[in-house]
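Everything numeric in this text was worked out from a predicted model, so none of it was measured. A, B, ... follow the sequence lines: proteins, then strands. Residue 1 opens every chain.
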2 protein chains.
Amino acid sequence: MQHKPKNFNSELNPNVSVDCVIFGFDLEQLTVLLIDRGEISSAFGPRLALPGNLIYDNENLDMAANRVLDELTGLNNIYLEQVGAFGDPDRILKESDREWLKSIRAEPEARVITVAYYTLVPMSHYKPQASSFAKNADWVPVNQITELAFDHYEILQAAKDKLKQKIKIQPIGFNLLPQKFTLSQLHRLYESILDKPLDKRNFRRKIQKLNILSSLREKQRGVPHKPSLLYEFNEEKYQELTQTGFDNFGF
Amino acid sequence: MQHKPKNFNSELNPNVSVDCVIFGFDLEQLTVLLIDRGEISSAFGPRLALPGNLIYDNENLDMAANRVLDELTGLNNIYLEQVGAFGDPDRILKESDREWLKSIRAEPEARVITVAYYTLVPMSHYKPQASSFAKNADWVPVNQITELAFDHYEILQAAKDKLKQKIKIQPIGFNLLPQKFTLSQLHRLYESILDKPLDKRNFRRKIQKLNILSSLREKQRGVPHKPSLLYEFNEEKYQELTQTGFDNFGF
DNA sequence: TTTGGATAGTGTAAAATTGACACAAAGCTA
DNA sequence: TAGCTTTGTGTCAATTTTACACTATCCAAA
């Protein structure tokens with residue numbers, strides 16, 4: 001649904017935008033929430049783009065990123081990390097891109113620097129639904145993406161790299177899973193983020209040894225095979241772990 | 001020496017600046033090149049600041065950072081990495097800061113977002129010299145710094161963290177050393193970046209096993225103790241190593 | 001009710017890596 | 001030449017990593 005910016009009565013800054021790489025995980029592969037800019041824009045360039053917007057003059061960058069996320073999905077309190085700033089003067093060179101920008105009120109002649117963020121959302125928390133006034137958004141598996149509008153493909157790659165590095169250091173993957181999950185789902189998540197196969201038994205041993213999971217006395221239901229035990233991420237145990245200076249998951 | 005911006009005839013962008021954390025290593029500890037803003041600015045805030053400047057509308061961010069570095073030190077072709085964008089609306093809130101900004105032509109009312117970079121320079125390549133028109137710059141050991149102008153202290157911390165993470169993954173430390181260096185110097189460099197002691201023998205073993213150093217048939221001269229063998233970083237061997245997918249130095 | 005299909009869950013042994021630790025060698029200076 | 005300072009070196013135990021295969025459990029279809 002469409003949200004009005006809250007508590008901002010100041011001006012849009014025509015020079016700085018934020019773009020969000022919104023990662024999800026469909027229990028099989030890593031996905032990204034992309035905006036379809038429609039037929040008009042596709043004449044000269046890719047239809048799909050990262051959600052983003054200009055920032056207001058009195059909001060900080062993290063707030064702006066959260067606002068973009070909220071406006072698109074209604075979600076807040078979401079794991080969010082900055083990727084970096086992207087600012088080639090010709091990053092919005094293409095005519096089709098400029099036309100589209102015009103339609104959302106930026107001055108197409110101005111040079112725009114964008115600050116990219118990535119966020120991790122449990123995919124079940126947001127099901128895109130077509131709507132006349134909402135932007136047309138959809139989850140797309142990351143390794144099916146070969147091009148995006150503007151410099152967004154480059155931004156996506158940078159975000160993937162950041163995520164890959166980060167997950168070696170902090171167990172942020174849980175932000176992409178439902179609260180209750182199986183070890184196999186976690187396993188597939190790590191494989192798709194790290195983009196390499198991990199031995200099943202070694203993975204399970206390593207995760208279990210960290211002792212940051214709570215095993216529930218509950219099994220999967222309705223699966224056509226041996227049902228898996230369900231687990232929860234245990235925030236308290238993780239805090240204990242980090243207190244000891246631990247910062248390497250060794251993947 | 002003072003440089004004129006090269007090949008830029010376009011306008012300064014009043015909304016976006018770059019700041020550089022220029023790291024050096026005095027063979028004992030990690031240092032940063034800071035600008036002394038002088039007595040006037042110190043009335044209400046710290047004198048010392050990171051070198052930085054507004055960007056031109058037609059240069060990209062990396063170019064702008066290189067330009068700042070070049071203008072201050074005359075150096076180019078230097079290892080450079082983006083830290084991220086910093087953009088709290090109140091980051092230049094202090095009156096003294098705004099006065100100073102006015103003097104370098106920014107509109108003090110405008111909201112400025114800064115993109116921070118860190119660079120690694122061999123300290124021997126740049127000796128600051130006081131000069132009437134050059135900015136007054138000096139190397140300061142990082143762990144003696146307790147405050148900086150604007151939000152520069154926060155930026156410095158972020159840069160240190162980035163560097164710490166990066167050096168666990170890539171052997172970028174060599175950019176801080178003279179071409180010929182001893183294993184003890186490399187050892188101290190890693191200790192000061194990682195901010196923890198490393199066992200001497202274990203460190204040497206680990207580095208040697210990587211096989212990315214060329215041992216020179218040359219010893220230190222003029223030291224009042226047993227002279228050390230000198231080594232060079234071997235770029236080719238490092239390339240071989242990374243080709244195998246290696247991305248973890250395990251510190 | 002039985003069978004087949006699918007995934008869950010488990011252990012071990014060899015190899016590699018890490019961590020802890022102490023002393024002789026080499027050059028300079030006084 | 002005696003003393004100071006830093007270099008350079010090896011081993012052993014503990015831990016971690018890697019490679020690898022079969023049984024258990026559930027559902028569905030016959």
Side-chain angles (χ1 to χ4, degrees), chain A residues 25-29 168-169 177-178 180-192 194 196-232 241 244-251, chain B residues 25-29 167-169 171 177-178 180-192 194 196-232 241 244-251:
Chain A
F25 179 64
D26 64 10
L27 304 187
E28 282 297 330
Q29 51 193 331
K168 294 177 181 178
I169 289 174
L177 291 170
K180 299 173 182 179
F181 53 86
T182 71
L183 289 184
S184 293
Q185 290 164 354
L186 188 61
H187 182 203
R188 285 191 215 100
L189 174 58
Y190 272 74
E191 287 187 326
S192 54
L194 296 173
K196 69 176 180 193
L198 300 171
D199 180 85
K200 181 166 65 161
R201 281 183 284 194
N202 295 340
F203 175 82
R204 294 165 89 97
R205 173 161 32 126
K206 183 174 286 188
I207 289 287
Q208 308 255 30
K209 163 140 14 145
L210 291 175
N211 198 34
I212 54 177
L213 294 188
S214 301
S215 166
L216 304 175
R217 298 203 163 283
E218 191 181 346
K219 288 178 181 174
Q220 271 183 319
R221 291 201 53 106
V223 288
H225 53 73
K226 179 173 176 180
S228 177
L229 281 172
L230 292 171
Y231 292 81
E232 275 183 357
L241 184 62
T244 70
F246 181 90
D247 74 341
N248 193 341
F249 285 81
F251 286 106
Chain B
F25 180 64
D26 64 10
L27 303 188
E28 283 297 331
Q29 51 193 331
I167 207 172
K168 295 177 180 178
I169 289 174
L177 291 169
K180 298 173 182 180
F181 53 86
T182 72
L183 288 183
S184 294
Q185 290 165 354
L186 188 62
H187 182 205
R188 286 192 213 100
L189 174 58
Y190 271 75
E191 287 187 325
S192 54
L194 297 173
K196 70 178 181 194
L198 301 171
D199 180 84
K200 180 168 63 161
R201 279 183 285 192
N202 294 341
F203 174 82
R204 293 165 90 95
R205 179 181 21 161
K206 183 172 287 187
I207 290 288
Q208 308 254 32
K209 163 141 11 149
L210 290 175
N211 197 34
I212 54 176
L213 294 188
S214 300
S215 166
L216 304 176
R217 299 203 163 284
E218 190 180 347
K219 289 178 180 176
Q220 271 182 318
R221 291 200 54 106
V223 289
H225 54 73
K226 177 172 176 179
S228 176
L229 282 171
L230 292 171
Y231 291 82
E232 276 183 355
L241 184 62
T244 70
F246 182 89
D247 72 343
N248 192 343
F249 285 82
F251 286 105

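- One can place CG of B:L198 at 12 Å from P of C:dT18, the figure rounded to the nearest angstrom.
- Checking the phosphate oxygens (OP1, OP2) of C:dG9, a side-chain nitrogen or oxygen of A:S228 falls inside 4.0 Å.
- Between the CD atom of A:Q185 and the P atom of C:dG9 there is a distance of 11 Å, given to the nearest Å.
- Taking atom CD of A:E191 as the reference point, atom P of C:dT7 lies 14 Å away to the nearest angstrom.
- The side-chain contact (heavy atoms from CB on, under 4.5 Å) check on B:N211 picks up B:K237, with sequence neighbours excluded.
- To the nearest angstrom, C1' of C:dT10 lies 17 Å from CD1 of A:I207.
- You'll find the side chain of B:L229 stays beyond 4.5 Å of the side chain of B:E218, heavy atoms only.
- Where A:F249 and B:T182 each meet DNA chain D at their nearest nucleotide, the meeting point lying more 5' is that of B:T182.
- No contact: B:L183 has no heavy atom under 4.0 Å from any strand.
- Residue B:K206 is in sugar-phosphate contact alone, with no base atom involved, counting any heavy-atom pair closer than 4.0 Å across all strands shown.
- Each of A:R201 and A:G222 was assigned the nucleotide of DNA chain D with the nearest heavy atom; the assignment lying further toward the 5' end belongs to A:R201.
- Side chain of A:R205, nearest nucleotide from C:dT12, C:dA20, C:dT29: C:dT12.
- Rounded to an integer number of Å, the gap from CD of A:E218 to C1' of C:dA8 is 16 Å.
- Relative to the side chain of B:K226, the nucleotides C:dG27, C:dA6, C:dA25 differ in distance, and C:dA25 lies closest.
- The span of DNA chain D lying next to chain B, judged by atoms under 4.0 Å from heavy atoms, is bounded 5' to 3' by D:dT5 to D:dG10.
- For B:K168 and A:D247, the salt-bridge test passes: some basic side-chain N is under 4.0 Å from an acidic carboxylate O.
- As a whole-Å value, the separation of A:K219 NZ from C:dT7 P is 18 Å.
- Here B:L230 contributes atom CG and B:L213 contributes atom CG; the two are 12.0 Å apart, rounded to the nearest 0.5 Å.
- Checked against the 6.0 Å centroid criterion, the rings of B:Y231 and B:F181 do not qualify as a close aromatic pair.
- Distance B:R204 CZ to C:dT18 P: 18 Å, rounded to the nearest Å.
- One finds a side-chain N or O of A:S184 lying less than 4.0 angstrom from the OP1 or OP2 phosphate oxygen of C:dA8.
- Heavy atoms only, all atoms of each residue included: A:L216 and A:E232 are closest at CD1-CG, 3.9 Å.
- At most 12 non-hydrogen atoms from other residues, nucleotides or ligands lie less than 6.0 angstrom from NZ of A:K180.
- Closest-nucleotide positions on DNA chain C for B:V223 and A:D199 were compared, and the one nearer the 5' end corresponds to A:D199.
- One can place CG of A:N202 at 11 Å from C1' of C:dG11, the figure rounded to the nearest angstrom.
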